Undergrad: 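My questions all concern the structure below.
Just so it is clear, the structure is predicted and the values come from calculations on it, not from any experiment. Protein chains get the first letters and strands the later ones, always in sequence-line order, with residue 1 at the start of each.
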Protein chains: 2
Amino acid sequence: MSHDHAACMAPSLKAAENLGAKLTPLRRRVLEIVLAGHTPMGAYDVLATLARDGGKPAPPTVYRALDFLQAQGLVHRIDSRNAFVACFAPERSHQSRFFLCRACGRASEIEDAALDAALAAAAKRAGLTVERETIEITGVCAECASSHGPAA
Amino acid sequence: MSHDHAACMAPSLKAAENLGAKLTPLRRRVLEIVLAGHTPMGAYDVLATLARDGGKPAPPTVYRALDFLQAQGLVHRIDSRNAFVACFAPERSHQSRFFLCRACGRASEIEDAALDAALAAAAKRAGLTVERETIEITGVCAECASSHGPAA
DNA sequence: ATTTGAATTGTTATAACATAACGAGACGTG
DNA sequence: CACGTCTCGTTATGTTATAACAATTCAAAT
């Protein structure tokens, strides 16, 4: 599935700019890198990409930028992979729920009202005040299943 | 909430023994440690506990045992904490879905038919063949909320 | 009973991921 | 300009996990 990266990056960058003055060049650059990666990237991958720009950044530089972007809902952390992925709809979904394909590596955000309801009901029954969710469903996406399937 | 550890460990140990000969003393010991921890423990915590038995185990020893126990469904990994927790109902639930309290640290497995259905439906709609789930809902449990709440 | 092969564990070293702590510069505000 | 705050650089280290290979165990087959 090819893809116009510039197009998919635009809304997220625009949302980021609307935050105000806090989107520094460094943070913007890190966001661009994560957006362009298009699949979850490790912090050290971001670091390596950043290094190609010329500077000699150290890990804290990247982790701080990622922390900021996460706090703004522009980037999500994929705990099951120690990786970070850009949010392509930062206006809408500020939850962190993903389908992950282990074959192509893609992450797609889940938006599902029935799931919202089931989670809310389960938490209520358990008496839990929810603060944070890590929902990562890993498998093989339809495209990868068909290409690796009967043929190959 | 006090708790009879021996009692809660029994079913899991029994299930483990029913696997057959593969539950070696080391693996059994690691399972006991994780069961006794009663909240998610880091691999290096397990390692330290194991070290008190007298040997001088190295990390791979613990990781291998944990891998085995995970494969048997006796232990689950909590990705959002880099930690491991024993499954207290290994016969029933082989999924990995948890409520986690950030105050007391307890992990409780979610068993909820509506959630099962919502997840299955969402995966089907997305065309994903599910292989693995990481579902970790973190918050404050009812007990901790009441003790830290109006009073303290 | 010995050989053989598979599984388990020990051991050393290192990779991968993440943060603590402190200092220097930028920047707006009073 | 003095001040405080936020951001970023820098050094060092902490934490989590695995690669690679040697040694051991143990059951099965001859």
Side-chain angles (χ1 to χ4, degrees), chain A residues 16-17 19-34 37 39-72 74-85 100 105 132 134 136 138, chain B residues 16-17 19-34 37 39-72 74-85 105 132 134 136:
Chain A
E17 274 152 12
L19 293 174
K22 297 191 287 188
L23 188 72
T24 63
L26 173 66
R27 289 166 175 172
R28 186 193 163 97
R29 181 73 188 110
V30 169
L31 176 57
E32 286 171 356
I33 290 169
V34 177
T39 55
M41 304 180 71
Y44 278 70
D45 295 331
V46 176
L47 186 63
T49 304
L50 207 50
R52 275 180 235 124
D53 292 357
K56 292 175 177 57
T61 298
V62 165
Y63 281 104
R64 284 188 294 230
L66 289 170
D67 286 348
F68 170 84
L69 295 169
Q70 278 180 89
Q72 305 303 318
L74 297 167
V75 158
H76 296 293
R77 180 167 209 278
I78 307 295
D79 286 326
S80 61
R81 298 200 188 176
N82 296 336
F84 301 84
V85 70
L100 306 172
R132 176 181 165 222
T134 298
E136 295 162 17
T138 299
Chain B
E17 275 153 10
L19 292 174
K22 297 191 286 189
L23 189 72
T24 64
L26 172 66
R27 288 166 175 173
R28 186 191 164 100
R29 181 76 188 108
V30 169
L31 176 57
E32 285 170 358
I33 291 169
V34 178
T39 54
M41 304 180 71
Y44 281 73
D45 296 330
V46 176
L47 186 64
T49 305
L50 206 51
R52 273 179 237 123
D53 292 356
K56 292 174 177 57
T61 297
V62 165
Y63 281 104
R64 284 188 293 228
L66 289 169
D67 286 348
F68 171 84
L69 295 169
Q70 279 179 88
Q72 305 303 318
L74 297 166
V75 159
H76 296 292
R77 181 167 208 278
I78 307 295
D79 287 325
S80 60
R81 298 199 186 176
N82 295 336
F84 301 84
V85 69
R132 176 180 165 223
T134 296
E136 296 163 16

Undergrad: If the sugar-phosphate is the primed atoms plus P, OP1 and OP2 and the base is the rest, what is the B/S/- string for nucleotides 9-16 of chain C, using protein heavy atoms under 4.0 Å?
TA: BBBB----
Undergrad: Going through the distances and angles, do Phe68(A) and Lys22(A) end up as a side-chain contact (heavy atoms from CB on, under 4.5 Å)?
TA: CA-CA 9 Å; Phe68(A) 170 84; Lys22(A) 297 191 287 188; 3.9 Å; yes
Undergrad: Regarding Ser80(B) and Asp79(A), do their side chains bring together a donor and an acceptor under 3.5 Å, going by distance alone?
TA: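 Asp79(A) and Ser80(B) do not have a side-chain donor-acceptor pair below 3.5 Å.
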Undergrad: Using whole Å, report how far CG of Leu23(A) lies from P of dC27(C).
TA: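 To the nearest whole Å, that distance equals 15 Å.
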Undergrad: Arg28(B) CZ to dT8(C) P: how many Å, rounded?
TA: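 Between P of dT8(C) and CZ of Arg28(B): 17 Å.
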Undergrad: Could you check how far CE of Met41(A) sits from P of dC17(C), rounded to whole Å?
TA: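 Value for this atom pair: 12 Å.
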Undergrad: Round to a whole Å and report the spacing from CG of Leu47(A) to P of dT11(D).
TA: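 That distance rounds to 14 Å.
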Undergrad: How many Å lie between CG on Asp67(A) and C1' on dC17(C), as a whole number?
TA: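 So the two atoms are 13 Å apart, to the nearest Å.
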Undergrad: Could you state the OH-C1' distance from Tyr63(A) to dA21(C), rounded to the nearest angstrom?
TA: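 Taking OH of Tyr63(A) and C1' of dA21(C), I get 18 Å after rounding.
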Undergrad: Can you name the side-chain hydrogen bond (donor to acceptor under 3.5 Å, both in side chains) partners of Thr138(A), sequence neighbours left out?
TA: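 With neighbours one apart ignored, the set is empty.
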Undergrad: Please report, rounded to the nearest Å, how far the C1' atom of dT15(D) is from the CG atom of Asp45(B).
TA: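 Checked: the CG to C1' distance equals 11 Å.
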Undergrad: Just list the side-chain donor-acceptor pairs under 3.5 Å for residues 50-66 of chain B, sequence neighbours left out, or say none.
TA:
from: Asp53(B); atom 1: OD1; to: Arg29(B); atom 2: NH2; distance (Å): 3.2
from: Asp53(B); atom 1: OD2; to: Arg29(B); atom 2: NE; distance (Å): 2.5
from: Arg64(B); atom 1: NE; to: Pro60(B); atom 2: O; distance (Å): 3.4

Undergrad: Val75(B) and Phe84(B): which non-hydrogen atoms are nearest, and at how many Å?
TA: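 Shortest heavy-atom contact: CG1-CB, 4.0 Å.
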Undergrad: Can you pull out every side chain to side chain donor-acceptor pair (under 3.5 Å) where at least one residue sits in residues 41-50 of chain A? Sequence neighbours excluded, please.
TA: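 Residue pairs with at least one partner in residues 41-50 of chain A: there are none.
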